[in-house]
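Lettering follows sequence order; numbering is per chain, from 1.
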Number of protein chains: 2
Amino acid sequence: MSNNTATRVDGVLTTVQSVDRAITVLEILASAGEAGVTEIAAELGVHKSTAFRLVAALENRGLVEQNSERGKYCLGVGIIRLAGAATARLDLVQESRGITRQLAAETGETVNLAVLSDGAALYVDQVSGSSALQSHNWVGQRIPLHATSNAKVLLSGLPDKEILATAGQLRSFTPSTITSGKRLRAAVTKVREEGYAVAVDELELGLTAVAAPIRNASGDVRASMSLSGPTFRLNRGRVDDVLPTLLAAALQVSQRLGWREA
Amino acid sequence: MSNNTATRVDGVLTTVQSVDRAITVLEILASAGEAGVTEIAAELGVHKSTAFRLVAALENRGLVEQNSERGKYCLGVGIIRLAGAATARLDLVQESRGITRQLAAETGETVNLAVLSDGAALYVDQVSGSSALQSHNWVGQRIPLHATSNAKVLLSGLPDKEILATAGQLRSFTPSTITSGKRLRAAVTKVREEGYAVAVDELELGLTAVAAPIRNASGDVRASMSLSGPTFRLNRGRVDDVLPTLLAAALQVSQRLGWREA
DNA sequence: CTCTAGTGTTCCGTCATGAGCAACAATACG
DNA sequence: CGTATTGTTGCTCATGACGGAACACTAGAG
């Protein structure tokens with residue numbers, strides 16, 4: 001994160017220094033929540049004044065905000081505005097909204113949509129179930145690629161050799177988390193055969209999820225749709241109950257994206 | 001949008017040219033959906049190659065994506081990632097999630113949270129009601145400041161002289177839309193007195209919404225919480241029914257932000 | 001098929017522009 | 001009250017971003 005020699009090293013990296021730094025500023029703020037000019041400058045490895053000018057440029061356009069006159073900086077609402085446009089553009093979210101809503105209504109559980117992004121599962125949409133439990137909002141979050149049903153589905157779309165590399169470090173969250181490469185591969189193979197994935201207590205104790213792939217016209221796995229809820233309610237039998245509904249919904253979205261069942 | 005002489009004109013505008021241009025690129029993509037290098041260059045008033053380098057810099061960091069090798073560009077998922085962090089940061093969204101969810105569950109209608117941003121109401125969060133109707137997602141959208149209940153609430157926090165300037169042009173959406181400055185002022189005054197706002201068929205025929213202010217510790221209107229649904233269901237009587245619940249919820253959020261009822 | 005008119009992409013020399021310095025203002029702390 | 005932090009702002013120099021022009025590639029027309 002410090003030495004950005006990237007000017008035009010090979011030909012694959014054509015970048016603009018200040019823009020690149022500005023984006024780094026945004027990412028620093030995203031992960032830190034808030035930061036001061038000096039702190040940002042240190043992280044960037046540049047002079048205070050340089051960092052200040054970058055932040056000021058971002059602030060003029062509403063991408064960052066200053067907590068108080070002469071205070072720390074944090075991400076601004078301008079980002080949300082852009083994100084609104086970005087999700088609207090993702091025909092994925094657009095096309096699936098109605099279907100996911102209906103699925104959530106029918107089952108009463110929370111429905112999530114995730115895509116592969118930079119070695120993690122990025123949650124792009126969520127419709128909450130009617131049950132008042134489980135109110136966490138996942139949208140915009142990035143979850144490691146081995147501990148959820150969505151992750152396994154997304155991995156199932158990759159060629160075998162890329163699976164382990166993409167999943168990265170198999171950190172353990174609960175006793176049930178998959179931590180060996182061998183078991184992860186086996187799980188992914190199972191997903192390919194059965195067409196869905198289940199994860200019980202793997203990311204969080206008491207949290208169960210089922211996921212199914214969403215494919216585009218060329219058959220690639222573009223996203224994963226999951227249904228999640230507390231383990232005591234979403235037990236073995238209940239999972240079998242809702243599975244057909246979930247599969248049907250995912251298939252429906254796939255078809256809207258041009259996928260024709262093989 | 002063309003002549004950006006803004007280098008350091010007065011002292012209030014300290015900006016970095018390339019960063020500023022890069023942000024403009026993002027905004028162009030946000031409003032156009034997708035655009036090619038040539039188109040972007042034209043809009044920016046710079047050379048093709050300059051525009052290309054900017055886009056490439058953004059692409060390297062995932063803020064924009066290229067539709068296909070050698071194709072048009074559109075906003076990327078990186079934006080969504082940042083936005084996730086931004087909303088998490090907005091203590092507003094954080095603090096209110098649980099309360100908005102409960103409100104949605106109790107009433108069965110859709111709950112929205114909007115803030116004032118750059119002369120428009122920016123919707124920052126939404127929890128859908130259980131009723132399967134009305135599936136539009138407003139998050140990230142910017143709505144004119146005169147045609148919704150949220151808008152009136154947000155305006156009610158401004159000094160009188162700024163109201164008309166901030167609201168801008170009073171475009172008509174339906175026969176019920178407020179189009180005269182005088183009527184808008186009257187509506188805002190009414191909101192101040194009653195502590196809530198109602199809008200029936202003003203933005204869209206058949207859409208009714210009620211909104212209440214959320215205040216911070218110093219008593220400023222920081223956001224507006226609304227409850228919306230189809231007019232036939234959310235009729236006069238029903239509005240009166242849910243109003244106390246809405247007011248209580250908004251008050252609860254205000255209190256979490258440090259507001260002590262006067 | 002060629003020819004033209006569009007794309008997006010790359011290379012390079014030049015000069016505007018953004019970087020670093022250092023001084024400044026405004027806090028917080030001892 | 002001094003000292004040690006912040007965030008902020010002119011100033012100057014060279015760095016790095018700019019525009020020009022040539023390239024690669026696709027699509028369509030003739």
Side-chain angles (χ1 to χ4, degrees), chain A residues 2-26 28-29 32-61 64-76, chain B residues 2-25 28-29 32-61 63-76:
Chain A
S2 52
N3 58 334
N4 254 333
T5 20
T7 348
R8 117 191 13 169
V9 274
D10 202 0
V12 305
L13 250 284
T14 307
T15 192
V16 179
Q17 193 187 54
S18 358
V19 173
D20 202 64
R21 285 176 172 170
I23 298 175
T24 306
V25 169
L26 292 178
I28 290 173
L29 291 176
E34 60 171 34
V37 165
T38 320
E39 187 182 344
I40 294 173
E43 196 124 6
L44 247 65
V46 300
H47 194 102
K48 250 199 323 182
S49 64
T50 306
F52 173 72
R53 253 173 286 114
L54 289 173
V55 180
L58 293 168
E59 191 190 10
N60 283 330
R61 299 305 220 72
V64 315
E65 281 167 13
Q66 195 165 23
N67 279 340
S68 58
E69 190 84 18
R70 208 160 256 273
K72 300 206 168 214
Y73 288 89
C74 63
L75 289 177
Chain B
S2 51
N3 57 335
N4 253 334
T5 21
T7 348
R8 109 192 20 164
V9 275
D10 202 0
V12 304
L13 251 283
T14 306
T15 191
V16 179
Q17 194 188 54
S18 357
V19 173
D20 202 63
R21 285 177 172 168
I23 298 175
T24 306
V25 170
I28 290 172
L29 291 177
E34 58 171 35
V37 166
T38 318
E39 188 182 344
I40 294 173
E43 197 123 6
L44 247 66
V46 301
H47 194 100
K48 250 197 325 176
S49 64
T50 306
F52 173 73
R53 252 175 287 116
L54 290 172
V55 178
L58 293 169
E59 191 191 9
N60 283 331
R61 300 311 267 317
L63 297 199
V64 313
E65 281 167 11
Q66 196 165 23
N67 280 337
S68 58
E69 189 86 17
R70 212 159 253 274
K72 300 205 168 213
Y73 288 89
C74 62
L75 289 177

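Here the side chains of L44(B) and I28(B) are in contact, with some heavy-atom distance below 4.5 Å.
Under 4.0 angstrom from either OP1 or OP2 of dT17(C) there lies no side-chain N or O belonging to S18(A). Here S49(B) does not reach the OP1 or OP2 of dC18(D): none of its side-chain N or O atoms lies under 4.0 Å away. Contact annotation: R21(B) side-chain N/O to dA17(D) OP1/OP2 distance is not under 4.0 Å. For the OP1/OP2 pair of dT15(D) and a distance below 4.0 Å, the side-chain nitrogens and oxygens of Q17(A) include no atom meeting the criterion. At dT7(C), none of the side-chain N or O atoms of Q66(B) fall inside 4.0 Å of OP1 or OP2 (strictly under the cut-off). Distances shown here put a side-chain N or O of Y73(A) below 4.0 Å from the OP1 or OP2 atom of dT8(D). At the phosphate of dA19(C), neither OP1 nor OP2 sits under 4.0 Å from any side-chain N or O atom of H47(A).
Applying the 3.5 Å distance criterion, the base of dG16(D) shares no donor-acceptor pair with the side chain of R53(B).
L75(A) contributes atom CG, which lies 6.0 Å from atom CG of L26(A) (distance to the nearest 0.5 angstrom). Of the inter-residue distances, the one linking I23(A) atom CD1 with L58(A) atom CG reads 9.5 Å to the nearest 0.5 angstrom. Rounded to the nearest 0.5 Å, atoms CD (Q66(A)) and NZ (K72(A)) are 12.0 Å apart. A distance of 4.0 Å separates OG1 in T15(B) from CG in D20(B), rounded to the nearest 0.5 Å.
In this structure, the CD atom of E39(A) is 15 Å from the P atom of dT8(D), given to the nearest Å. For the pair E59(A) CD and dT9(D) P, the interatomic distance rounds to 11 Å; values are reported in whole Å. The CG-P distance, from N60(A) to dT8(D), rounds to 12 Å in whole Å. L54(A) places its CG atom 14 Å from the C1' atom of dG16(D), with the value rounded to the nearest Å. Across the protein-nucleic acid pair, L58(A) atom CG and dG18(C) atom P stand 13 Å apart, rounded to whole Å. Atom NZ of K72(A) is separated from atom P of dT27(C) by 16 Å (rounded to the nearest Å).
For the pair K48(B) and F52(A), nearest-nucleotide mapping onto DNA chain D gives the more 5' position to F52(A).
Across all their heavy atoms, V37(A) and K48(A) have their closest contact at CG1-O, 3.6 Å. For V19(A) against A57(B), the heavy-atom pair with the smallest separation is CG1-CB, 3.9 Å.
Of the listed nucleotides (dG8(C), dG18(C), dG19(D)), dG18(C) has the atom at the smallest distance from the side chain of V16(B).
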>> Run R61(A) and T24(B) through side chain to side chain contact (heavy atoms under 4.5 Å, CB included) and show every step you take.
In response: CA-CA 9 Å; R61(A) 299 305 220 72; T24(B) 306; 2.5 Å; yes

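Rotation axes derived from the C1' atoms of the five outermost pairs at either end of the helix from dC1(C)-dG30(D) to dG30(C)-dC1(D) lie 40° apart, to the nearest 10°.
For the side chain to side chain contact (heavy atoms under 4.5 Å, CB included) test, residues two or more places apart in sequence or in another chain that qualify with T50(A) are R21(A), V46(A), H47(A), R53(A). Legend: residues meeting side chain to side chain contact (heavy atoms under 4.5 Å, CB included) with A35(A), ordered by chain and number and at least two apart, are L29(A), E39(A), I40(A).
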Shorter than 3.5 Å, N or O on both sides, protein versus nucleotides 3-5 of chain D: list them out with atom names.
none

